[in-house]
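Just below is one structure, and these are the notes that go with it.
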Amino acid sequence: MTTTTRTLDPVRIRDDFPILHRQVHGKRLIYLDNTASTQKPRQVINALVQVYEEVYANVHRGIHYLSEAATERYEGARRKVAQFINARSPREVIFVRNTTEGINLVAYAWGMANLRPGDEVLITEMEHHSNIVPWQIICERTGATLRWVPVTPDGYLDLDALERLLTERTRLFAFTAMSNVVGTINPVQELVARAHAVGALVLVDGAQAVPHLPVDVQAWDCDFLAFSGHKMCGPSGIGILYGKRQLLEEMPPFMGGGEMIREVKMTGSRWNEVPHKFEAGTPAIAEAIALGAAVDYLSQLGMEQVAAHERQLVRYAYERLQDIGGLKILGPGPDDRGGVLAFVMESAHPHDIAAILDAEGIAIRAGHHCAQPLHDRYGLVASARASFYIYNTEDEVDALALALHRVNQVFG
Ligand code: 7TS
């Protein structure tokens, strides 16, 4: 990763995103729902079109030219992703549908084979449902116990409690590198080291970290990392599970079918080598290749620059939102968080806030953001959430602040 003093030019970047030039309800679109999904640059859209127009065929099957060309592009995308997260080898990169599928793969393939009564799986109160529910299901099936690291009132993991919760019974610690609600950036490297010290494996939910921060799986030393293409300028329907090679080789398959086998006999089957053992059936070929284009796009911008741009926007948004009466931002101050701001207002319900903003062309999300336990922790049913990406500007933050003042006028 190059670390230059280059800063992002969001105005120029916006030219690459056709959808940002459309209007909504007769107003210019201000897209602040990037935590849910990001928009796509022309480079990624073109990659999808180009695959279907020029190199489309099924992969890993044909002797024919097109199948070989598609396979080369598909495996090329895997190499790009491996490099992007600094995996030791592309073999450690499995194409899945999204973060959710990546976590379920580990829960079912590793969890069902390794967890038994007396074992513990540790997660945190700030997890997205996709890093909660699979563990609830697998713990129920295996008799293992699910434990939770509490979140402090200001949105940090309670590291003192972690000390008590990580024991020799902990088989896996699964946590998010960055909260999709309070935006907290967790100290991944330290958490991994502490889990490894008691012999636990670590799964990092990278759904929010990988699109927004430089990520190095070797520096983190995590055992698994799951993330989604659609949150990092890539298409929907494609995501990644990274796993350390030895672990992946020891794990049984998740799904059975074509592609994941070496040999099938009526008496039984033998598995393909990793990563193919975990890629049953025809994969999302064009989407994987276009994810490679998204990785190229972000790499060209530089992930240090992406993170710096969002930090700047979040600081600015903090300032601008400060003087809106009755508005409370959830979570840590601007220095310890990514570009996501969840908030509540005394004057209006989050859904009403989102509706008023929508009428102004401003897209934010309202609800529990698939993090109900975290909202329960704060005694909330819902919050409103604005989240930023590479193409957002201070100008748009100004428009957000103005619209929130209007919410107070309407409901206040
Ligand atoms: N983990 C985190 C931290 C997330 O933010 C999300 C999606 C997921 C997992 C699941 O990702 P998926 O691609 O498998 O669906 N977060 C959100 C959100 O905050 N609003 O919509 C989706």
Side-chain angles (χ1 to χ4, degrees), residues 31-40 81 94-108 123-137 148-149 151 155 157 173-186 188 191 202-213 215 220 222 224-242 254 284 287-288 290-291 294 310 330-331 337-343 350-351 354 363-375 377-378 380 382-389:
Y31 187 78
L32 303 178
D33 193 17
N34 294 288
T35 299
S37 204
T38 64
Q39 299 299 346
K40 321 304 171 196
V81 171
I94 301 165
F95 284 121
V96 291
R97 276 188 307 140
N98 47 35
T99 307
T100 304
E101 186 175 304
I103 295 171
N104 274 275
L105 192 161
V106 177
Y108 280 88
I123 60 174
T124 87
E125 286 180 349
M126 70 166 73
E127 298 312 308
H128 185 279
H129 294 168
S130 69
N131 199 26
I132 297 175
V133 182
W135 302 116
Q136 289 176 326
I137 293 172
W148 302 72
V149 181
V151 172
L157 291 181
F173 182 22
F175 62 89
T176 186
M178 177 178 146
S179 163
N180 66 319
V181 179
V182 284
T184 317
I185 297 172
N186 287 320
V188 178
L191 298 179
V202 176
L203 178 145
V204 175
D205 175 345
Q208 295 306 333
V210 175
H212 301 279
L213 307 168
V215 166
W220 279 358
C222 56
F224 301 104
L225 171 75
F227 56 100
S228 300
H230 70 92
K231 293 184 197 283
M232 50 187 286
C233 295
S236 52
I238 190 77
I240 300 293
L241 175 70
Y242 156 85
F254 173 39
E287 288 80 358
L291 175 58
E310 291 178 28
L330 308 178
R337 64 155 74 221
V340 44
L341 281 182
F343 57 92
H351 286 114
I364 64 161
R365 189 175 168 189
H368 53 56
H369 319 300
C370 302
Q372 263 187 308
L374 184 63
H375 282 79
R377 180 86 175 84
Y378 289 130
L380 297 169
S383 59
R385 184 186 67 184
S387 51
F388 308 120
Y389 209 28

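Side chains are part of it too, since the values below use all heavy atoms of this structure and drop only hydrogens, waters and symmetry mates. Counting convention: from 1, in listed order, for ligands and their atoms alike.
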- Task: Pick one of side chain, backbone, both or neither for how T99 approaches ligand 1, counting any non-hydrogen atom pair under 4.0 Å.
- Result: both
- Check ligand 1 against T176 and write out every atom of the ligand that is under 4.0 Å from a heavy-atom position of the residue. 3 (C)
- Indicate yes or no for a side-chain donor-acceptor contact from K231 to the backbone of G229 under 3.5 Å, with no hydrogens or angles considered. no
- Message: List ligand 1 atoms under 4.0 Å from T100, heavy atoms only on the residue side.
- Response: 10 (C), 12 (P), 14 (O), 15 (O)
- Which of the atoms of ligand 1 are close to S130, meaning less than 4.0 Å from one of its heavy atoms? 1 (N), 8 (C), 9 (C), 10 (C)
- Message: When you measure from the side chain of T124 to the backbone of V149, do you find a donor-acceptor pair of N or O atoms at a distance under 3.5 Å?
- Response: no
- Determine whether any heavy atom of K231 lies closer than 4.0 Å to an atom of ligand 1. yes
- Item | ligand 1 contacted by H129 (non-hydrogen, < 4.0 Å) | no
- Contact check, side chains of V204 and Y242, non-hydrogen atoms, under 4.5 Å: no
- Would you mind telling me if ligand 1 is within reach of the side chain of R365, the backbone, both or neither, using heavy atoms under 4.0 Å? side chain
- Message: Tell me whether the rings of H375 and H369 are parallel (<30°), tilted (30 to 60°) or perpendicular (>60°).
- Response: tilted
- Message: If the contact criterion is a heavy-atom separation under 4.0 Å, does T35 count as touching ligand 1?
- Response: yes
- Region of H230 engaging ligand 1 - heavy atom pairs below 4.0 Å: side chain
- Heavy atom of the protein closest to atom 3 (C) of ligand 1 (residue, atom name, distance): D205 OD2, 3.5 Å
- Task: Measure the distances from the heavy atoms of C370 to every atom of ligand 1 and state whether one is below 4.0 angstrom.
- Result: no
- Message: Looking at V182, is its backbone amide N or carbonyl O close enough to the side chain of R337 to form a donor-acceptor pair, meaning the two atoms are under 3.5 Å apart?
- Response: yes
- Is R385 in contact with ligand 1, taking contact as a heavy-atom separation below 4.0 Å? yes
- protein heavy-atom neighbour closest to atom 6 (C) of ligand 1 works out as H128 CD2, 3.2 Å
- Message: So, taking the atom named OH in Y389 and the one named CG in L32, what distance separates them when rounded to the nearest 0.5 Å?
- Response: 14.5 Å
- Task: Just do the side-chain hydrogen bond (donor to acceptor under 3.5 Å, both in side chains) check on S228 and T99 with the steps written out, would you?
- Result: CA-CA 5 Å; S228 300; T99 307; 2.5 Å; yes
- Message: Using a 4.0 Å cutoff against the non-hydrogen atoms of S228, which atoms of ligand 1 qualify?
- Response: 11 (O), 12 (P), 13 (O), 14 (O)
